[in-house]
Structure formats: C-alpha cells, structure tokens
Chemist: 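Dumping the structure here so I can ask a few things about it.
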Amino acid sequence: MTYIAQQPREQIIADYARYLSPGRVAVYRQIGVDFVPGRREGVWLWDVDGSRRVLNCRTSGGVFNLGHRPPRVVEAVKQALDELDVGDHMLMSEMRAALGKRLAELTPGDIQYTTFSPGGAEAIDVAIKLARGYTRRPKVISVRKGYHGHTGFALAAGEDVFRGKFGPMPPGFLKVPFGDARALEQMVDEETAAVIIETIPATAGILIPPDDYFPQVREICDRSGAVFILDEVQAGLGRTGRMWAIEEWETVPDVLVIGKGLSGGVYPMSATCHRPHLDRFFQENPFIHLSSFGGASLGCVAAMAMLDQITEPGFLEHVQAMGERFAAGFARLKAHYPIVAGVRRRGLMIGFELSDDRLGPLMSRALFQNGVLAVFADYRPSTVQILPPLIIQPDEVDFVLAALDRACALLSQTDLDTLPDLPLPITT
Ligand SMILES: Cc1ncc(COP(=O)(O)O)c(C=O)c1O
C-alpha cells in the first residue's frame, strides 16, 4: 500500500482548490510555488509526481528539526502502535508522566510542571490562562510583530494583520517593541498578568535582542509580579545550538512554551512548562483546562524518542558546526552581492537579510527554482528565514549555499521597479 501519488498531480490540485481552498491554490500558482509534497525523507521533499526535489529550509518553523520521518522517532511510534493509542486525557498516563519528568530535567531552572497540547497556539493559550488565573490580573503584554499562533489568547497577543478582522479581542492585550526593556518597564504595572515574548522572534525576521534584554525582562516581571512567558516554539529544542535559546541570556522564565519539533514531525504535540509557584492555580483547579488530544500517548512516545536524539553527545555541537559553515558561506555571498544586507543567526536559526522588502519573496521563488524551500519572514519580507533540519550534513549546507549564490546572481540583475506586485503569501 502506498499513500503518495494515488491521484495525478493536477487532480490533487483541482481537488484541493475545490474542497479546501481555491484562494490558496491561486496564490501558489501566481507565485510559482505550486509544490505538492509527496515523498519525504531527511532534509529532502519531493513533489508528488517525483518531478522535483527540494531541500527543506523551511521545516515548518522547526517541526522537521530532525528531518522528515526521523528513523528513531518513526520506529518508536510504529512499535507503540502495537500497544497504545492517544489515551484518555481525563485519566492519569504513564507516558505523560515520563515525558513530564524528562522535560522537568531538561528545562531551565526549577521549571517542573507540564501541560500538553496538540499545537503551539493552544500551548500559548494555556500559558496565558495560567498567568491570568494565577495572578487574577487582566493585562498581557506582548511584543510588536510577535507571533504566537491563531487561537484565542495567542491570537490576541499577535498582530492586527491576523486578528483585525474578527471583531473585538479580549481586553487587556498591549504591545511594546521587541528588545526595548525601558518601554516594557513603562507598560508593566500591578495589573499585568503576563509578559509574553519569543526568545528570537521568527516571523518578525529572526531578531536577536540586546545582551541585557532578557535579564531585564526577568527583573521587571519579578518587581511587578507579572508572569514571564517565553515562547520557544521555534527557537527551542536545539535550533540555536543550545537546548533552549534563552540559555544564552542565562534567564529562567516562569513559563516555557514549546511545540513544533517536540515530537519529530510525526505527531502533533506541544507543551507549556511552568515553575512550581504557579502550580498553586492548577492545584486549586485541577480540571480547569482540558484537551482530548493534548499529551496523547503516541505523541509522548514520539517526543521521548526525539529528546533522546537531541540530547545525545555531539548533537548540539553538530548544529553549531553547521551554523558556522553557513556563516562562512554567507560572508562570501555578502562580499560578492550588494543585495545581501547581512545575517542574523544563532545556530541554525538564520535570518538572511536582503537590501529590499521586494527581494524576500523573489528570493524564496529563486531558491525554490534552485532546489531549496525557504520563505521570507511575514512581518519583514526582506528577511529570508533559513531553518534547515538540524541533522543537515556539510554537503547539504553547501547545496543550500550554492542555491543562494545562483539566486543572488539572478536577483542582482533584476530591476525591481519593473516587476509586477506579487501577492505575499502567509509563510509562518
Ligand atoms: C513562535 C511561535 N509560537 C507559536 C506558534 C503557533 O504554533 P502552532 O502553529 O503549532 O499553533 C508558532 C507557529 O508558527 C510560532 O512560530
């Protein structure tokens, strides 16, 4: 039995347009990225008709940190299917207890308790519910151009481009610029339940904060009693060459939210991990938050296998080494092509900055035509996000760099002012 290519490619696209989203299909066609993933393995994705192969530097924001269908995770889930299912979320669970213990060992400081969800946005909702429930305060402060997903509180903490068309949002959500501790200090008061920030905002363009930013955020939250929620849905789990991106700034948040790569790209899984003092709220209200699929037994098995792999000696060193190989290549590109404005990078979390907003979408398309899937940042189209699987090998890094070289050469000859406007697809 095979699941891939049961239908001809054009039929799949026609069905997708007819039964899911004609709007999306129109955009994909217009921007020249009408790719229908079929076979998938390691860093590679093939079109369903086998006509095209691309190296995945999008990784769905880190879902495929271990590449597609990582053998150890796949094997663990296959074996688990002989014994387990999703489990009953209302009952206790051996798998959830084991994974919770493992996360308590791995997360920073005294973070101890975990609530599981199926997706990142729900995990953010849990974090904000906990902060509001614990503090009994209304205000939630997030950063401009932050991105936390599309459910209730997560959406409210995000930008108007996604939330503006849905009428009034829950009250109390306010924004400050990223990296500006003074602006945050002025906004936080005794009504503030939470401050929520991505460690390295991805959709904003892979921004790196000033050195003293996170220690200051910690202090501001400590002074005011606000809960410090850190979103490492993209930046966590080895992406930056550290287990957690926040380790660089030696700061412990009150709540750490993780998702994306948590279960090796084979099962939906996310986690909201919190420090002991906050648990008073859940101890008083043990059934206040429920999710049928949060912490499914099969997902826990996948996550344990994923964590086993990324905690092996040498794994994070490999991420750092591949990041440095990219950096050397970027320096050569920057010296050669004036359209390359710079690079913001930690490990394999890379923002490749171009000199003009119009170049990001063009670069995504040129890279695609050269065998690399990489997208520009929604809130900063001049940044191309390069987030390869963490298992990428030196020759594959060189493949991406060669594609970038060809794409830069092509775009350097493009007269931007003669181009028609392309629609900007949502890329997060
Ligand atoms: C930083 C960050 N937080 C939260 C989310 C939401 O995760 P999900 O799409 O799994 O709901 C995303 C998704 O891209 C993200 O990048």
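For reference, positions follow the sequence shown, starting with 1. Remember, it's 1-based here, ligands and their atoms both numbered in the order they're listed.
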Chemist: Quick check on contacts: which atoms of ligand 1 are under 4.0 angstrom from a heavy atom of Val233?
Modeler: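 The list of qualifying atoms is 2 (C), 3 (N), 4 (C), 5 (C), 12 (C), 15 (C).
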
Chemist: Tell me, please: is Lys260 in heavy-atom contact with ligand 1, that is, under 4.0 Å?
Modeler: yes

Chemist: I want to know if ligand 1 touches Asp231 in the polar sense, i.e. an N/O pair below 3.5 angstrom.
Modeler: yes

Chemist: Indicate the ring-plane relationship of Phe352 and Phe330, choosing parallel, tilted or perpendicular according to the 30° and 60° boundaries.
Modeler: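 Tilted: the ring planes of Phe352 and Phe330 meet at 30° to 60°.
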
Chemist: Report yes or no: is the cationic atom of Arg52 (NZ for Lys, CZ for Arg) closer than 6.0 Å to the six-membered ring centre of Phe368, at no more than 45° off its axis?
Modeler: yes

Chemist: Indicate yes or no: does an N/O atom of Ile124 lie under 3.5 Å from an N/O atom of ligand 1?
Modeler: no

Chemist: If you count the atoms of ligand 1 from 1 in the order shown, which ones are under 4.0 Å from a heavy atom of Glu198?
Modeler: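 Near Glu198, meaning under 4.0 Å from one of its heavy atoms, ligand 1 has 1 (C).
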
Chemist: For the pair His274 and Tyr113, name the ring-plane relationship: parallel under 30°, tilted 30 to 60°, perpendicular over 60°.
Modeler: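 Geometry flag for Tyr113 against His274: parallel rings.
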
Chemist: May I ask you to list the atoms of ligand 1 that are less than 4.0 angstrom from any heavy atom of Ala121?
Modeler: 6 (C), 7 (O), 8 (P), 11 (O)

Chemist: Is the side chain of Asp110 donor-acceptor paired with the backbone N or O of Arg275 at a distance under 3.5 Å, no angle test?
Modeler: no

Chemist: With a 4.0 Å cut-off on N to O distance, would you call Asp189 and Arg137 a salt bridge?
Modeler: no

